[in-house]
There are 2 protein chains.
Amino acid sequence: MQITSKFTVAVHILTCIDFFDGQMRVTSDFLSGSTGVNAVIVRNVLGQLRNAGIVETRQGSGGAHLAKALDEITLYDIYKAVDCVDDEGLFHFHENPNVDCPVGRNIHKAMDSRLDAAQTALENELKSTTLAEVVADTRKIIDEE
Amino acid sequence: MQITSKFTVAVHILTCIDFFDGQMRVTSDFLSGSTGVNAVIVRNVLGQLRNAGIVETRQGSGGAHLAKALDEITLYDIYKAVDCVDDEGLFHFHENPNVDCPVGRNIHKAMDSRLDAAQTALENELKSTTLAEVVADTRKIIDEE
DNA sequence: AAAGTTGAAACAACTATGATTACAACTTTA
DNA sequence: TAAAGTTGTAATCATAGTTGTTTCAACTTT
């Protein structure tokens with residue numbers, strides 16, 4: 001089980017927009033080239049980021065732009081934007097525990113708060129990092145090359 | 001994306017073993033009835049828990065038993081036993097970033113420590129809860145019914 | 001010897017992910 | 001205004017992963 005690669009693709013895309021915007025038109029085709037991901041997938045991800053208010057794109061004109069400052073975009077915002085985890089939550093509870101069994105009808109309730117805590121721990125960690133930090137690290141690594 | 005339900009099934013199974021062992025033979029068939037999950041799946045999960053040293057089962061005789069004290073089994077042990085997340089990690093990095101692009105060839109390095117931190121936060125939370133607590137809560141809820 | 005059980009392999013059904021094709025709508029530029 | 005390039009979106013496909021099901025050999029108990 002793995003969280004969809006759309007998450008890392010989205011971070012890659014946003015880093016590219018910050019890095020190349022102004023120098024060239026950052027189109028879905030260009031981003032497809034940098035990420036190695038199909039251009040239609042890139043456009044889908046860009047659409048999700050646009051719906052979340054993270055980027056701006058327009059039909060026809062071409063070229064994506066950031067809609068927010070780098071330090072106002074957390075990894076959690078991106079993770080939410082690309083729908084890594086749906087409303088059901090990160091953990092998948094088996095759906096037909098036997099209500100005639102005392103364990104079966106109560107185990108869900110007994111586990112729920114723990115599963116929530118684990119998922120929240122993951123998400124809080126993602127909230128604590130902004131895109132500004134990822135971009136800064138990327139630039140630093142590039143400068144040291 | 002969701003973590004396989006084998007994880008919650010495993011916790012359910014272990015709680016049942018603690019609850020019913022001694023009163024009856026806790027077979028894969030019985031556990032299938034309580035969880036609502038196919039008996040073959042139950043046997044697969046039991047096999048993984050056995051490999052991890054968490055339960056004891058034997059061919060022929062029937063009836064699973066705990067191999068450790070409840071407070072020596074963390075949710076993380078179970079999560080590891082049933083292989084919720086493989087060696088690749090929780091996050092799935094897109095596999096063909098373009099090495100000719102400065103962002104493409106460095107973004108992985110720039111993100112890795114953050115993704116690891118998020119995964120570790122999840123796992124540490126799971127390590128902090130033992131089966132003893134889940135079982136205690138389950139028993140408490142049953143007693144209050 | 002018979003009955004019940006585990007372990008494991010093989011296969012089917014279903015779902016999710018990501019790639020691909022196709023095309024309408026839109027913008028820019030020549 | 002026409003052409004070229006781009007986005008947005010739907011439809012389809014291949015592949016992989018999850019869960020269920022069937023089957024049967026190996027084992028234990030009675």
Side-chain angles (χ1 to χ4, degrees), chain A residues 1-10 12-13 17 20-21 24-33 35-52 55-65 67 82-88 90-97, chain B residues 1-10 12-13 17 20-21 24-33 35-52 55-65 67 82-88 90-97:
Chain A
M1 192 286 313
Q2 288 193 300
I3 287 175
T4 172
S5 62
K6 286 202 294 177
F7 175 58
T8 58
V9 168
H12 185 150
I13 283 174
I17 295 173
F20 294 108
D21 195 10
M24 62 184 69
R25 207 156 43 137
V26 184
T27 65
S28 61
D29 223 48
F30 173 80
L31 291 168
S32 172
T35 57
V37 167
N38 189 280
V40 175
I41 307 292
V42 169
R43 291 204 285 274
N44 287 341
V45 171
L46 279 172
Q48 292 181 297
L49 294 172
R50 176 169 38 79
N51 290 338
V55 300
E56 284 168 358
T57 61
R58 271 168 62 216
Q59 259 190 340
S61 67
H65 309 280
V82 300
D83 243 349
C84 287
V85 170
D86 60 26
D87 297 336
E88 304 287 308
L90 180 60
F91 294 94
H92 182 190
F93 213 96
H94 50 298
E95 293 170 14
N96 301 304
Chain B
M1 191 285 314
Q2 289 194 301
I3 287 175
T4 172
S5 62
K6 286 201 295 177
F7 175 58
T8 59
V9 168
H12 185 150
I13 283 173
I17 295 173
F20 293 108
D21 196 8
M24 63 183 70
R25 206 154 46 136
V26 185
T27 65
S28 61
D29 223 47
F30 173 80
L31 291 168
S32 173
T35 57
V37 167
N38 190 281
V40 175
I41 307 293
V42 169
R43 289 205 285 272
N44 287 341
V45 171
L46 279 172
Q48 292 180 297
L49 293 172
R50 175 169 40 80
N51 289 339
V55 301
E56 284 169 357
T57 61
R58 271 167 63 215
Q59 262 189 338
S61 67
H65 308 280
V82 300
D83 244 349
C84 287
V85 170
D86 60 27
D87 296 336
E88 304 287 308
L90 181 60
F91 294 94
H92 182 191
F93 213 95
H94 50 298
E95 293 170 15
N96 301 304

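Labels below follow one simple rule: chain letters A, B, ... track the order of the sequence lines, proteins then strands, and each chain is numbered from 1. The basis for the numbers below is simple: all heavy atoms, side chains too, and nothing from hydrogens, waters or symmetry mates.
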Would you mind reading off the distance between [X] atom [atom1] and [N] atom [atom2], rounded to a whole angstrom?
{"X": "A/E95", "N": "C/dC14", "atom1": "CD", "atom2": "P", "value": "15 Å"}
{"X": "B/F30", "N": "C/dT5", "atom1": "CZ", "atom2": "P", "value": "13 Å"}
{"X": "B/Q48", "N": "D/dT18", "atom1": "CD", "atom2": "P", "value": "11 Å"}
{"X": "A/Q2", "N": "D/dA16", "atom1": "CD", "atom2": "C1'", "value": "12 Å"}
{"X": "B/L31", "N": "C/dT5", "atom1": "CG", "atom2": "C1'", "value": "13 Å"}
{"X": "A/E88", "N": "C/dA16", "atom1": "CD", "atom2": "C1'", "value": "15 Å"}
{"X": "B/H94", "N": "C/dG18", "atom1": "NE2", "atom2": "P", "value": "11 Å"}
{"X": "A/I3", "N": "D/dA16", "atom1": "CD1", "atom2": "P", "value": "21 Å"}

Can you tell me if the side-chain N/O atoms of [X] get under 4.0 Å from OP1 or OP2 in [N]?
{"X": "B/S5", "N": "D/dT19", "answer": "yes"}
{"X": "B/S28", "N": "C/dT6", "answer": "yes"}
{"X": "A/H92", "N": "D/dT19", "answer": "yes"}

- Task: Give none if D/dT28 has no partner; otherwise give the nucleotide forming a Watson-Crick or G-U wobble pair with it, both distances under 3.5 Å.
- Result: C/dA3
- Backbone of B/H92 reached by a side-chain donor or acceptor of A/T8 within 3.5 Å: yes
- If only atom types and distance count, is the side chain of B/S32 paired as donor or acceptor with the main-chain N or O of B/V37 below 3.5 Å? yes
- Task: Looking only at side-chain atoms of A/T57, point me to the closest of D/dT7, C/dG7, C/dG18.
- Result: D/dT7
- Task: Classify the nucleic acid contact of A/N44 as base, sugar-phosphate or nothing, counting any heavy atom under 4.0 Å across all strands shown.
- Result: base
- Message: So, using side chain to side chain donor-acceptor pair (under 3.5 Å) as the criterion, who are the partners of A/T35 when residues are at least two apart?
- Response: none
- Parallel, tilted or perpendicular for B/F20 and B/F30, by the 30°/60° rule? perpendicular
- Return the orientation label for the A/F91 and B/F7 ring planes: parallel under 30°, perpendicular over 60°, tilted otherwise. tilted
- Please tell me which of B/A64 and A/G36 maps to the more 5' nucleotide of DNA chain C, matching each residue to the nucleotide holding its nearest heavy atom. B/A64
- Task: Starting at NE2 of A/H65, measure out to CZ of A/R58 and round the result to the nearest 0.5 Å.
- Result: 8.0 Å
Quick test: give all pairs of protein nitrogen or oxygen and nucleotides 21-30 of chain C nitrogen or oxygen below 3.5 Å, distance rounded to 0.1 Å.
unit_1 : atom_1 : unit_2 : atom_2 : d
C/dC26 : O4'    : A/Q59  : OE1    : 3.3

- Could you check if a side-chain atom of B/I41 sits within less than 4.5 angstrom of a side-chain atom of B/V9, using non-hydrogen atoms only? no
